[in-house]
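Residue numbers run from 1 in the order of the sequence given.
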Amino acid sequence: MTQLILASASPRRRDLLERLGLAFEVIPADIDETPHPGEGPRVYATRIAEGKARHVAERHPGAWVLGADTIVVVGEDLLGKP
């Protein structure tokens, strides 16, 4: 059976996967989450989620890795983490 890894320390994501009855391991990704100058919210959130997944996947070949990110946005202004 292929291993599922949650590349996030988010208690909300952990709870969602547990409610689905999925077996998984939590391995938070250690990446720089600083927004790039001029980077829009959608591009930023996608880049961070992909970066988390790639960071963990590189260290765990053969595993399914779930990377995600949550941000707060008003209009096109990125306010950061909730």
Side-chain angles (χ1 to χ4, degrees):
M1 185 160 136
T2 304
Q3 177 186 18
L4 173 62
I5 300 173
L6 174 60
S8 168
S10 168
R12 287 178 298 274
R13 286 186 198 95
R14 179 182 290 175
D15 182 55
L16 286 170
L17 293 177
E18 287 172 348
R19 287 176 186 231
L20 291 171
L22 298 174
F24 64 97
E25 182 178 354
V26 176
I27 302 177
D30 182 23
I31 65 167
D32 179 9
E33 297 188 31
T34 305
H36 294 165
E39 186 173 44
R42 185 178 307 244
V43 172
Y44 170 78
T46 301
R47 178 177 61 82
I48 297 302
E50 287 179 0
K52 289 177 180 181
R54 288 181 193 280
H55 179 84
V56 173
E58 287 170 358
R59 289 151 184 79
H60 300 275
W64 288 92
V65 179
L66 174 61
D69 196 58
T70 303
I71 58 172
V72 177
V73 177
V74 175
E76 281 296 309
D77 295 328
L78 174 62
L79 301 181
K81 301 290 182 185

**Item:** Cluster overlap Val43 with Ile71, hydrophobic side-chain contacts below 4.5 Å
**Value:**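 No, no single cluster joins them.
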**Connected via hydrophobic side-chain network under 4.5 Å: Leu16 and Ile5** =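 No; tracing contacts between hydrophobic side chains, which count when under 4.5 Å, never links both residues.
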Check residues 20-40 and write down every donor-acceptor pair under 3.5 Å in which the side-chain atom is one partner and the other belongs to a residue at least two apart or another chain.
| residue | atom | partner | partner atom | Å |
| --- | --- | --- | --- | --- |
| Glu25 | OE1 | Gln3 | NE2 | 2.5 |
| Asp32 | OD1 | Thr34 | N | 3.0 |
| Asp32 | OD1 | Thr34 | OG1 | 2.6 |
| Glu33 | OE1 | Lys81 | NZ | 2.8 |
| Glu39 | OE1 | His36 | N | 2.9 |
| Glu39 | OE1 | Arg47 | NH2 | 2.9 |
| Glu39 | OE2 | Arg47 | NE | 2.7 |

Give the table of side-chain donor-acceptor pairs shorter than 3.5 Å for residues 52-64, with sequence neighbours excluded, one pair per line with atom names and distance.
| residue | atom | partner | partner atom | Å |
| --- | --- | --- | --- | --- |
| Lys52 | NZ | Ala68 | O | 3.1 |
| Lys52 | NZ | Asp69 | OD1 | 3.0 |
| Arg59 | NH1 | His55 | O | 2.6 |

**Request:** Answer whether the closest heavy-atom distance between the side chains of Leu17 and Leu66 falls below 4.5 Å.
**Result:**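 Of all side-chain heavy-atom pairs linking Leu66 with Leu17, at least one is under 4.5 Å.
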**Prompt:** For Ala7 and Val65, which heavy atoms make the closest approach, and how far apart are they?
**Reply:**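 Heavy atoms only, the tightest pair is CB-CG1, 3.9 Å.
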**Item:** Contacts of Asp15 that satisfy side chain to side chain donor-acceptor pair (under 3.5 Å) - sequence neighbours left out
**Value:**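 Asp15 satisfies side chain to side chain donor-acceptor pair (under 3.5 Å) with Arg19 only.
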